[in-house]
Protein chains: 2
Amino acid sequence: MKKISQKTIERGVFYIRTLEALLKDGQTLISSNQLANITGFSDAQIRKDISSFGKVGRPGIGYSTAELRNILQDFVLKNEVVHVALFGVGSLGAAILKYPGFHKDGIKLVAAFDKMKNKVGATINGVKVYDPKRAVDVIKKTHADIGVIAVPKEHSQEVADIIVLSGLRGIVNFSPISIAVPKNVMVKNIDLRVEFFSLFCNMQYNCGI
Amino acid sequence: MKKISQKTIERGVFYIRTLEALLKDGQTLISSNQLANITGFSDAQIRKDISSFGKVGRPGIGYSTAELRNILQDFVLKNEVVHVALFGVGSLGAAILKYPGFHKDGIKLVAAFDKMKNKVGATINGVKVYDPKRAVDVIKKTHADIGVIAVPKEHSQEVADIIVLSGLRGIVNFSPISIAVPKNVMVKNIDLRVEFFSLFCNMQYNCGI
DNA sequence: AAAACATTGTTAATTATTTCACGAATTATG
DNA sequence: CATAATTCGTGAAATAATTAACAATGTTTT
């Protein structure tokens with residue numbers, strides 16, 4: 001089996017979301033060129049990415065929107081549902097709980113955790129909030145795959161330790177601080193400051209072009 | 001002037017946040033190797049990145065935490081403050097408004113916009129909420145640099161058009177749909193589904209190693 | 001049915017990024 | 001003081017990612 005690069009996978013997920021939108025509009029065919037115009041990637045890039053998933057398109061015609069979506073989804077998600085455990089039900093955590101479109105898109109929030117006594121026991125958007133002390137148990141029972149850290153940065157490492165201890169091997173970290181984890185645990189950092197700064201900086205450096 | 005790659009800049013912002021934490025802990029010196037252990041990047045990578053900002057370190061010693069932080073900040077932010085205009089004060093928008101640490105970190109939310117009459121006029125965390133109809137005016141008056149899209153996906157394109165019309169050249173798009181903008185406008189897409197999926201997928205592909 | 005056109009899949013070329021490896025600089029130690 | 005131990009900065013080597021180019025294939029038009 002060929003290995004598929006992380007970048008290809010990330011773009012693949014992006015293609016899927018675009019194809020979903022096209023399907024809703026009733027578009028049954030799409031060319032790499034059209035997809036390029038929508039997504040901003042180059043057409044060559046798109047064809048190359050897709051080719052790593054097999055021969056899906058027809059020369060002269062393009063890709064069947066539905067078929068391409070299905071094939072990408074098979075590869076990227078393998079028809080599985082990603083089970084997510086959320087730590088921290090503050091404003092960011094709440095926003096994640098309310099994020100639309102998870103449910104029908106192969107992502108399922110299976111549990112939330114918060115230290116605050118007044119939050120424990122509540123159910124937000126169908127997701128129960130537990131005491132973090134019960135995390136290891138609950139995570140095992142709910143078969144979570146990924147942990148999300150959305151707690152104040154003072155507690156990030158502590159939560160990361162709990163996640164690792166629970167046996168999860170993937171973490172999305174929204175707290176603006178690095179966490180230390182064993183090498184076999186994958187971490188994705190999402191720091192709004194990093195996004196804003198790097199965008200701003202790139203805007204300026206590209207001004208001169 | 002040498003050009004600095006986007007990747008270097010992104011990591012640069014990441015270094016800054018790490019250095020901030022170290023400074024708070026009172027650590028005055030840091031080696032590329034230590035920084036590598038904390039951030040997960042390689043020491044060679046870190047040295048190479050830093051070298052594009054000048055000769056900052058001392059062989060045999062390492063880098064002065066404060067000096068390195070300052071130099072990175074000078075380059076990445078040029079001592080400027082990024083002014084951000086937020087569109088959509090739903091749960092995600094509210095989370096962004098309440099995101100801690102913006103203020104003292106060179107990011108300033110200068111205005112928020114929401115269609116809902118009951119939100120217009122409110123002040124959240126010191127940020128005023130305006131009617132989107134006034135966006136062009138308000139953005140000019142508040143000298144915004146970047147627009148953030150946190151509205152339901154049905155309205156994303158509409159908001160993107162307003163942002164472009166207002167003269168902004170950078171957009172952070174949290175809505176799970178692609179937006180069409182002129183080529184000279186930079187867009188950063190942040191789609192939670194993409195993050196979750198690609199992390200999960202990578203976890204599986206790397207399992208076999 | 002031939003010519004013109006559109007579009008994929010893929011190999012080769014190009015460009016970008018990361019890692020390696022080591023000289024130079026600095027401190028610590030015997 | 002000389003030797004060992006650190007650690008930076010950097011050019012060269014190795015990888016990775018993107019783009020370009022085009023043969024192959026299918027459609028449309030006349």
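Here is how names work: the chains are called A, B, and so on, in the same order as the sequence lines, proteins then strands, and each is numbered from 1. Please read these numbers as outputs of a predicted model, since none were measured by experiment.
For B:Lys153, the NZ atom counts as loosely surrounded, since its 6.0 Å shell holds 12 or fewer non-hydrogen atoms of other residues, nucleotides or ligands. Within a 6.0 Å sphere centred on NZ of B:Lys188, other residues, nucleotides and ligands contribute more than 12 heavy atoms.
When DNA chain D is scanned 5' to 3' for any atom under 4.0 Å from a heavy atom of chain B, the first and last hits are D:dT6 to D:dA12.
Taking atom CD1 of B:Ile46 as the reference point, atom P of C:dT19 lies 10 Å away to the nearest angstrom. If you measure from atom CG of B:Asp49 to atom C1' of C:dA16, you get 13 Å, rounded to the nearest angstrom. Atom CG in A:Asp43 sits roughly 14 Å away from atom P in C:dA6 (whole-Å rounding). At whole-Å resolution of the value, CD in B:Gln45 and P in C:dT17 are 10 Å apart.
Taking the nucleotide of DNA chain C with the nearest heavy atom to each of B:Arg11 and B:Gly60, the more 5' of the two is matched to B:Arg11. Toward the 5' end of DNA chain D, the nearer of the two residues B:Ser31 and A:Ser42, judged by each one's closest nucleotide, is B:Ser31.
With respect to the salt-bridge test (charged N to carboxylate O, under 4.0 angstrom), the residues B:Glu158 and B:Lys115 qualify.
A:Tyr63 pairs in a side chain to side chain contact (heavy atoms under 4.5 Å, CB included) with only one of the listed residues (A:Gln34, A:Arg47, A:Arg58, A:Arg69), which is A:Arg47.
Minimum heavy-atom separation, B:Phe41 to B:Ala36: O-CB, 3.1 Å. The two residues B:Ile179 and B:Gln157 make their nearest non-hydrogen contact at CA-OE1, 3.4 Å. Nearest heavy atoms, A:Val181 versus A:Ala160: CG1-CB, 4.5 Å. Looking at every heavy atom in both residues, B:Gly12 comes nearest to B:Leu72 through O-CD1, 4.1 Å.
In this structure, CD on B:Gln73 lies 7.0 Å from CZ on A:Phe197, to the nearest 0.5 angstrom. In this structure, the separation between CD1 on B:Ile96 and NZ on B:Lys98 is 12.0 Å, given to the nearest 0.5 Å.
Direction of the helix axis in the helix from C:dA1-D:dT30 to C:dG30-D:dC1 shifts by 0° between the two five-pair termini, rounded to 10°.
Taking the ring axis of A:Phe14 as reference, the NZ or CZ atom of A:Arg17 stays within 45° of it and closer than 6.0 Å to the ring centre.
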N/O to N/O distances under 3.5 Å, protein versus nucleotides 9-12 of chain C:
| from | atom 1 | to | atom 2 | distance (Å) |
| --- | --- | --- | --- | --- |
| C:dG9 | OP1 | A:Val56 | N | 3.0 |
| C:dG9 | OP1 | A:Gly57 | N | 2.8 |
| C:dG9 | OP1 | A:Gly57 | O | 3.2 |
| C:dG9 | OP2 | A:Tyr63 | OH | 2.9 |
| C:dG9 | N7 | A:Arg47 | NE | 3.0 |
| C:dG9 | O6 | A:Arg47 | NE | 3.4 |
| C:dG9 | O6 | A:Arg47 | NH2 | 3.2 |
| C:dT10 | OP1 | A:Lys55 | NZ | 3.3 |
| C:dA12 | N6 | A:Lys48 | NZ | 3.4 |

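Regarding contacts with the backbone of C:dT8, a side-chain N or O of A:Ser32 is found under 4.0 angstrom from either OP1 or OP2.
Here B:Thr8 lies out of heavy-atom contact (under 4.0 Å) with every strand.
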